[in-house]
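In what follows, a single structure is set out as structure tokens and then discussed.
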Amino acid sequence: MSIAGADAAGAVETGEPQNLDFHPVPPRKLQPAGYFAGNYSGEHVAGTEFVIGALFAGAGAAASDVILGLLVGNLLAVLTWAFITAPIAVDTRLTLYAYLEKIAGRHFLKIYSVVNGVMFLGLAGSMITVSASAVRVFYNSAVPGAPIAPQTGMFPTDIRFVLIALAVGAVVVALAVLGFKRLAQFAGAVVPWMICIFLVGALVLYPLLAQAIGSALPAVSGDVFWQVLSTQVYQPTPMEGVFWSIPNEAKSFWSIAAFAWVANLAMHGSLGDMTLLRFAKKKSYGWFSALGMFIGHFVCWVCAGAMGAGAAYALNTQIGLLDPGAVATQALGLAGVIAVIIAGWTTSNPTLYRAGLAFQSLNPAWKRTHVTILVGLVTMVLACSPFVFTQLLGYVGWMGLILSPVGAIIVAEHWLFPRTGLRRYWTSYRKSGLNVPAVLAWGAALAIISVLYFGAGVHQFFLLLPAWATATIAYLVLARSFGAAKQYPQAEIEEETLAMRKAEEARYLASGAPIDESGGHTLLWWGLQAIGFLSLAWMLVSGAQLLFVDAAAYPGALAAFRENVIWPSLVFFACAALAVIIRGEKRELS
């Protein structure tokens with residue numbers, strides 16, 4: 001990771017899901033390993049980590065179940081990226097949307113885009129709410145009078161919070177409409193700082209949690225650490241709040257592992273990351289997803305839980321009654337406010353942009369800016385009510401489950417059709433705009449999900465495998481009956497074209513010809529890197545020092561840290577911004 005090393009993240013955030021170029025990526029445009037390392041490190045350290053980490057801390061699950069469940073579930077997610085998404089992306093060199101149109105037709109793609117767009121709206125709205133929670137804290141400190149209480153219920157309880165959410169939403173919508181490339185690059189560039197924020201926030205509140213169990217400070221032994229984790233961070237009794245009403249079976253090791261697997265199902269099991277991984281030189285680059293899963297979805301989730309527990313203890317309340325702004329501010333002061341604002345924005349801005357593109361695909365004559373403004377207004381209204389972010393575990397789970405049958409259909413056509421005597425891309429050979437078996441298979445999978453969830457009481461985290469199996473079997477059977485087993489003259493031509501493209505790519509890569517590398521760096525760029533990372537080192541060392549102070553010195557040391565941590569943060573931001581500008585100018589000149 002580098003300060004300006006998230007050019008890849010910027011590309012994802014500003015790249016069109018419905019790419020106007022529906023052709024395979026040419027060999028010269030393939031990207032090196034660092035592109036994907038930066039992407040996955042940045043894409044999964046965002047506003048959702050503040051929310052999900054705190055939700056696990058108050059769910060009433062045992063610490064051992066949370067830790068082991070997250071390890072196993074995130075490993076399953078990485079394996080899905082490595083063995084399903086990356087190989088198909090590298091084999092086709094197409095976006096999900098281009099490949100889906102080839103398999104299922106233009107009309108199916110429109111249905112998918114609407115469903116995807118609606119899901120994006122909810123996610124973008126919840127992240128605007130997260131950013132607004134930080135602005136709420138800033139408002140309370142700057143404006144005298146009755147403070148705005150944390151908004152953690154189904155609906156807002158203070159009109160001032162509604163106005164704040166609308167104002168934050170307006171900024172996010174404006175940025176999504178304008179599509180500032182440099183801002184997207186800066187958002188990716190501050191990922192190392194965001195990771196540092198999660199680590200330091202947990203470190204500085206750990207002594208407070210150690211005191212809560214009666215331990216003397218400093219408390220750095222493994223026994224005390226585990227006792228804090230198992231009694232204070234992951235408490236055996238669920239906390240108050242909307243989320244905590246989930247059934248007990250959803251708090252087990254298996255349910256936590258299942259959630260960690262399905263949390264990013266839209267990107268791996270539903271093959272959304274074909275859009276990114278089509279640029280990979282090798283399918284093995286899918287393993288870089290481990291950086292996102294084990295940094296963002298393990299370390300950051302655990303650290304966010306520790307911050308939430310520490311903030312709740314300090315404020316004498318329960319974690320389910322705190323929003324991300326209150327949690328981060330308690331640990332990091334003004335730097336925490338900025339962290340939550342940036343974290344919410346880095347998720348909501350590209351998500352809203354993608355939602356606009358998804359709805360624009362219904363009619364290419366519509367202007368993207370007009371569509372984005374319209375969906376942005378809907379998102380701003382959603383952001384005023386905290387119910388989406390308080391239900392985020394369930395929301396992202398449903399998002400992945402609803403889209404996962406489409407991934408099963410793609411996998412079946414790509415890998416199982418040639419092995420079962422069926423013709424890949426048979427719908428395109430028939431000049432059909434709608435693959436009816438694909439629609440029916442998707443519907444059958446959703447029906448099974450509904451029956452198991454509403455009828456049999458199976459929790460949503462366990463519905464992936466039944467949905468995937470149903471969609472696969474239904475599609476294989478229905479496609480055969482609708483004509484996929486017939487002979488099509490175009491099939492041979494298609495396979496020959498694919499073989500020729502792959503052979504040409506292999507020759508190009510074997511020749512050592514240049515690909516679209518990121519290029520060299522100037523001495524000034526490296527200097528900015530060094531200064532930026534020295535500022536992060538100062539933050540980490542200063543935060544770690546609080547682990548070794550005694551009880552009498554701890555309150556003062558924590559107050560001093562909260563007051564001073566903003567300065568190395570500002571130094572890092574300045575270095576990151578200059579590095580992005582220098583990097584952008586170098587590319588424009590090359």
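A quick note: this is a predicted structure, and the numbers were derived from the prediction, not measured.
Atom CH2 of W415 sits in a crowded spot, with more than 12 heavy atoms from other residues, nucleotides or ligands closer than 6.0 Å. By the neighbour-count criterion of 12 heavy atoms within 6.0 Å, atom NZ of K110 is densely surrounded, having more than that number from other residues, nucleotides or ligands.
For the pair E49 (side chain) and A304 (backbone), a donor-acceptor distance under 3.5 Å is absent. Judged purely by atom type and a 3.5 angstrom limit, S432 has no side-chain atom pairing as donor or acceptor with the backbone of N435. Listed for the T129 side chain is a donor-acceptor partner under 3.5 Å among the backbone atoms of A383. Without hydrogens or angle criteria, R278 side chain to L94 main chain gives no donor-acceptor distance under 3.5 Å. In this structure, the side chain of Q151 does not engage the main chain of S385 through any donor-acceptor pair within 3.5 Å. A donor-acceptor pair under 3.5 Å is absent between the side-chain atoms of T470 and the main chain of A445, judged by distance alone. Without hydrogens or angle criteria, S289 side chain to G286 main chain gives a donor-acceptor distance under 3.5 Å. When atom types are taken as modelled, the side chain of S270 and the backbone of S404 share a donor-acceptor pair closer than 3.5 angstrom.
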Using distance only, find each side-chain donor-acceptor pair of residues 67-81 under 3.5 Å and give its atom names and separation, not counting sequence neighbours.
unit_1: N74; atom_1: ND2; unit_2: L70; atom_2: O; d: 2.9
unit_1: N74; atom_1: ND2; unit_2: H297; atom_2: O; d: 3.0
unit_1: T80; atom_1: OG1; unit_2: L76; atom_2: O; d: 2.8
unit_1: T80; atom_1: OG1; unit_2: W261; atom_2: NE1; d: 3.0
unit_1: W81; atom_1: NE1; unit_2: Y40; atom_2: OH; d: 3.4
unit_1: W81; atom_1: NE1; unit_2: D273; atom_2: OD2; d: 2.9

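Here the CZ atom belonging to F36 is positioned 12.0 Å from the NZ atom belonging to K282, to the nearest 0.5 angstrom. With rounding to the nearest 0.5 Å, the separation of CG in L416 from CD1 in I473 is 10.5 Å. Here the CG-CE distance, from L276 to M267, works out to 10.0 Å after rounding to the nearest 0.5 Å. Atoms NZ and CZ, on K29 and F279 in that order, are 8.5 Å from each other to the nearest 0.5 Å. To the nearest 0.5 Å, the span separating CG on L271 from OG1 on T85 amounts to 5.0 Å. Atom SG of C384 sits about 12.0 Å away from atom CZ of F155, to the nearest 0.5 Å.
Taking the side chain as every heavy atom from C-beta outward, S41 and L291 approach each other to under 4.5 Å. R93 places a side-chain heavy atom less than 4.5 Å from the side chain of L30. Proximity of S348 to T351: side-chain heavy atoms (C-beta onward) are nowhere separated by under 4.5 Å. Counting heavy atoms from C-beta outward, V396 and T48 have side chains that stay 4.5 Å or more apart. You'll find the side chain of V173 stays beyond 4.5 Å of the side chain of L377, heavy atoms only. L452 places a side-chain heavy atom less than 4.5 Å from the side chain of P466. Using a 4.5 Å cut-off on side-chain heavy atoms (C-beta onward), N116 and Y97 make contact. In this structure, F198 and V299 have side chains that are not in contact, with every pair of non-hydrogen atoms separated by 4.5 Å or more.
Nearest heavy atoms, W345 versus V172: CD1-CG2, 4.0 Å. Considering all non-hydrogen atoms of both residues, P324 and V51 come closest at CG-CG2, 4.0 Å. Taking each heavy atom of Q460 and G394 in turn, the nearest pair found is NE2-O, 3.0 Å. Minimum heavy-atom separation, V115 to L403: CG1-CD2, 4.0 Å. Residues I319 and A309 share a closest heavy-atom pair of CD1-N, 3.7 Å. When all heavy atoms of G125 and T379 are compared, the pair lying nearest together is N-CG2, 3.4 Å.
Electrostatic pairing of R423 and E494 does not count as a salt bridge here, judged by no charged N lying under 4.0 Å from a carboxylate O. We find that R424 and E413 are not joined by a salt bridge, their nearest charged nitrogen and carboxylate oxygen being 4.0 Å or further apart.
In summary, the aromatic rings of F387 and Y395 are positioned with their centroids too far apart to meet the 6.0 Å limit. Two rings, from Y429 and Y488, have their centers less than 6.0 Å apart.
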Checklist entry - Does the side chain to side chain contact (heavy atoms under 4.5 Å, CB included) test come out yes or no for T427 and I103, once each step is laid out? => result CA-CA 6 Å; T427 300; I103 288 174; over 6 Å; no

Checklist entry - Stepwise, does the side chain to side chain contact (heavy atoms under 4.5 Å, CB included) test hold for L392 with L123? => result CA-CA 8 Å; L392 193 61; L123 184 59; 4.2 Å; yes

Next on the checklist: The test is side chain to side chain contact (heavy atoms under 4.5 Å, CB included); show your working for F108 and V406 and say whether it passes.
Outcome noted: CA-CA 10 Å; F108 185 95; V406 177; 4.3 Å; yes

Next on the checklist: Using the rule given for side-chain hydrogen bond (donor to acceptor under 3.5 Å, both in side chains), can you reason through N39 versus Y285, listing the C-alpha separation, both sets of side-chain angles and the distance that settles it, and then say yes or no?
Outcome noted: CA-CA 11 Å; N39 233 298; Y285 288 2; over 6 Å; no

Item to check | Derivation of the ring pair (Phe, Tyr, Trp, His ring centres under 6.0 Å) call for F482 and Y475 | outcome: CA-CA 10 Å; F482 272 74; Y475 186 57; 10.0 Å; no

Checklist entry - Could you walk me through whether R480 and W426 pass the side chain to side chain contact (heavy atoms under 4.5 Å, CB included) check? => result CA-CA 10 Å; R480 181 178 293 276; W426 62 283; over 6 Å; no

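Put simply, the residue from F461, W398, F253 that forms a ring pair (Phe, Tyr, Trp, His ring centres under 6.0 Å) with F259 is F461.
Evaluation of the salt bridge (charged side-chain N to carboxylate O under 4.0 Å, His left out) test over residues 68-92, restricted to residues two or more places apart or in two chains, returns D91-K502.
For D65 and Y234, the side-chain atoms include no donor-acceptor pair closer than 3.5 Å. Between the side chains of Q490 and Y425, no donor-acceptor pair of N or O atoms lies under 3.5 Å.
Under the 30°/60° scheme for interplanar angles, the aromatic rings of Y112 and W442 are found to be tilted. Below 30°, between 30° and 60°, or above 60°: for W301 and F56 the angle between ring planes is between 30° and 60°, a tilted geometry.
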